[in-house]
Peer 1: 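First the structure, which I've put down as structure tokens, then a few questions once you've had a look.
Each chain gets a letter, A, B and so on, in the order the sequences are listed, and its residues count up from 1.
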Number of protein chains: 2
Amino acid sequence: MAENEKKRIDPRVLRTRQMLKEALIELLEEMDVEKITVNRIAERATINRVTFYLHYKDIQDMLEKMADEMAENVNRVMMRTIEQHKSGDRETLLLGLLEHIAANAKFYKVVLGSRRIPVFHERLRSVFVDKIKLGIEEIEEHNPDIQSDVAVWFGSAALIGTISAWLRNDMPYTAPFMARQFALLFKQR
Amino acid sequence: MAENEKKRIDPRVLRTRQMLKEALIELLEEMDVEKITVNRIAERATINRVTFYLHYKDIQDMLEKMADEMAENVNRVMMRTIEQHKSGDRETLLLGLLEHIAANAKFYKVVLGSRRIPVFHERLRSVFVDKIKLGIEEIEEHNPDIQSDVAVWFGSAALIGTISAWLRNDMPYTAPFMARQFALLFKQR
DNA sequence: GACTTAATTTACATAGTGTTGGATAATCAA
DNA sequence: TTGATTATCCAACACTATGTAAATTAAGTC
């Protein structure tokens, strides 16, 4: 059932998109996003340049689609973590997220850790904003002087920014350690 | 003395650069940075396109130079605030910063609030990182379980991100209010 | 094996880049 | 004010990248 939902896509399409994406990630490891052209992506992917346009409007469009996929994945991971542990416990939730990121570190380091690709940060931020909004009441009860939307801005920015820095520095700490750090840093009394 | 330090620059140069910068800010208000070309900037500034290249290598170079100027300004503002109040009090320091940003909201909204111009975020982050490192010992004393570099990542990201969100939402709260919010949010016990 | 759809090839018009050499105009120094 | 200096302008150039079109080849589907 599950694999029929997306009514079977031609394997050639999957292959081409996969190769284009891998090529783009590779290039992003090597150069700034402004230096990347459709030419280069196609060449690296050993795909004809014209074929690129059969799949994406332009590079920006491609980045956005990849960012959407990333957001979906992150959402799914967080959902799954919650189900497995049957608790909205913040630390375990973060641990699930961080372990997913660590498992796909090559990708996330490029799109979040590196400079100059804001689409991914935007998408991830809106995922976090949604998640944080759900657990925000506690803060309001605890400290009524804190404006809830400011707290959401603060929390989501701190999360993304810290994770990005963690990736930029080649993850010097383990995922569980980072989850614990977040728990401590977010703790209000 | 002070004005002689930069050994008098030709007023034509100052004028040209000023017009180019204003044109770029205007364009950034109107469109994404990828859509901006040297052509457009020159046209908007009523400056010949060739003249652009007499001042900047390319658009990226121009953005970097503007980001450097911004970082200098922010640094200066924070220094001045500390001098005036003769105290490293966090809330007043932040208030000085936020008031400076509010006073130049048009500029900051474009370069920080809008999407897709990471250079400015980077530069501002490194300013904050420096500042936060100085006041980090207290946290270490208070809670020895928190890794100091993680705390720096967390703090700087939260600051920039919250300020950006504040600008993106057209500053619905006053600068003093935001300074107070930061003080509350950063408070650890 | 016939049908369908994806990818390739070649080609073209358009737009932007970065640099040149020479003319013009604004600033500076005497 | 004058003459020297230097910034800006103008026209032109080669080059790279973009995005699209039409016809051909190759791969996947039933």
Peer 1: In the structure I gave you, are the side-chain heavy atoms of B:Arg44 and B:Glu30 within less than 4.5 Å of one another anywhere?
Peer 2: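 A side-chain contact under 4.5 Å exists here.
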Peer 1: Rounded to the Å, how far apart are B:Phe52 CZ and D:dA7 P?
Peer 2: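 It works out to 17 Å between those atoms.
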Peer 1: Please determine, for the side chain of A:Leu54, which listed nucleotide (C:dA29, C:dA7, D:dC9) has the closest atom?
Peer 2: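 Of all the options, the side chain of A:Leu54 is nearest to C:dA7.
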Peer 1: How close or far is atom C1' of D:dA7 from atom CD1 of B:Ile47, stated in whole angstroms?
Peer 2: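 Distance check: B:Ile47 CD1 to D:dA7 C1' gives 10 Å.
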Peer 1: Specify the separation, in whole Å, of atom CZ of B:Arg8 and atom P of D:dT5.
Peer 2: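 It works out to 18 Å between those atoms.
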Peer 1: Within the 4.5 Å heavy-atom criterion, are A:Leu97 and A:Phe128 side-chain neighbours or not?
Peer 2: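 With C-beta onward as the side chain, the pair touches.
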Peer 1: For residues 172-181 of chain B, pull every pair meeting salt bridge (charged side-chain N to carboxylate O under 4.0 Å, His left out), keeping only residues two or more places apart or in separate chains.
Peer 2: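 Qualifying pairs: B:Glu91-B:Arg180.
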Peer 1: Ignoring backbone atoms, test whether A:His55 places a side-chain nitrogen or oxygen under 4.0 Å from the OP1 or OP2 oxygen of C:dA6.
Peer 2: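 Checking C:dA6 against A:His55, no side-chain N or O comes under 4.0 Å of OP1 or OP2.
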Peer 1: Quick one: pull up CZ in B:Arg125 and NE2 in B:His121 and give me the separation to the nearest 0.5 Å.
Peer 2: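 These two atoms lie 10.5 Å from each other.
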Peer 1: Do B:Phe186 and A:Phe154 have ring centroids that are under 6.0 Å from one another?
Peer 2: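 Yes: the rings meet the under 6.0 Å criterion.
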Peer 1: Is there a side-chain contact between B:Trp166 and B:Tyr108, using heavy atoms and a 4.5 Å cut-off?
Peer 2: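 Result no, sub-4.5 Å side-chain heavy-atom pair not found.
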Peer 1: Please work out if A:Asn48 contacts a base, only the sugar-phosphate, or nothing of the nucleic acid, heavy-atom cut-off 4.0 Å.
Peer 2: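 It contacts base atoms.
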Peer 1: Tell me: CD of A:Glu34 to C1' of D:dA17, nearest whole Å?
Peer 2: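 Checked: the CD to C1' distance equals 16 Å.
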Peer 1: Atom OH of A:Tyr56 to atom P of D:dT20: distance rounded to whole Å?
Peer 2: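 About 17 Å, once rounded to whole Å.
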Peer 1: Is there a residue in residues 12-32 of chain A whose heavy atoms reach under 4.0 Å of DNA chain D, and which residues are they?
Peer 2: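 Heavy-atom cutoff 4.0 Å gives A:Arg12.
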Peer 1: Under a 4.5 Å side-chain heavy-atom rule over Ile, Leu, Val, Met, Phe, Trp and Tyr, are A:Tyr53 and A:Met19 clustered together?
Peer 2: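 Yes, because A:Tyr53 and A:Met19 connect within a single hydrophobic cluster, where side-chain heavy atoms sit under 4.5 Å apart.
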Peer 1: Are B:Val77 and B:Val127 joined in one hydrophobic group, where the rule is that I, L, V, M, F, W and Y side chains link up if heavy atoms are under 4.5 Å apart?
Peer 2: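 They do not share one cluster, since no chain of ILVMFWY contacts under 4.5 Å joins B:Val77 to B:Val127.
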Peer 1: Determine, for nucleotides 12-24 of chain C in 5'-to-3' order, which nucleotides have protein heavy atoms under 4.0 Å from the base (write B), from only the sugar-phosphate (write S), or from neither (write -).
Peer 2: ----SBBBB----
Peer 1: Do A:Thr16 and A:Phe52 touch side chain to side chain, with heavy atoms closer than 4.5 Å?
Peer 2: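 Side-chain contact under 4.5 Å: no.
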Peer 1: Using whole Å, what does the distance between atom C1' of nucleotide D:dT16 and atom CD of A:Glu43 come to?
Peer 2: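 Answer to the nearest Å: 13 Å.
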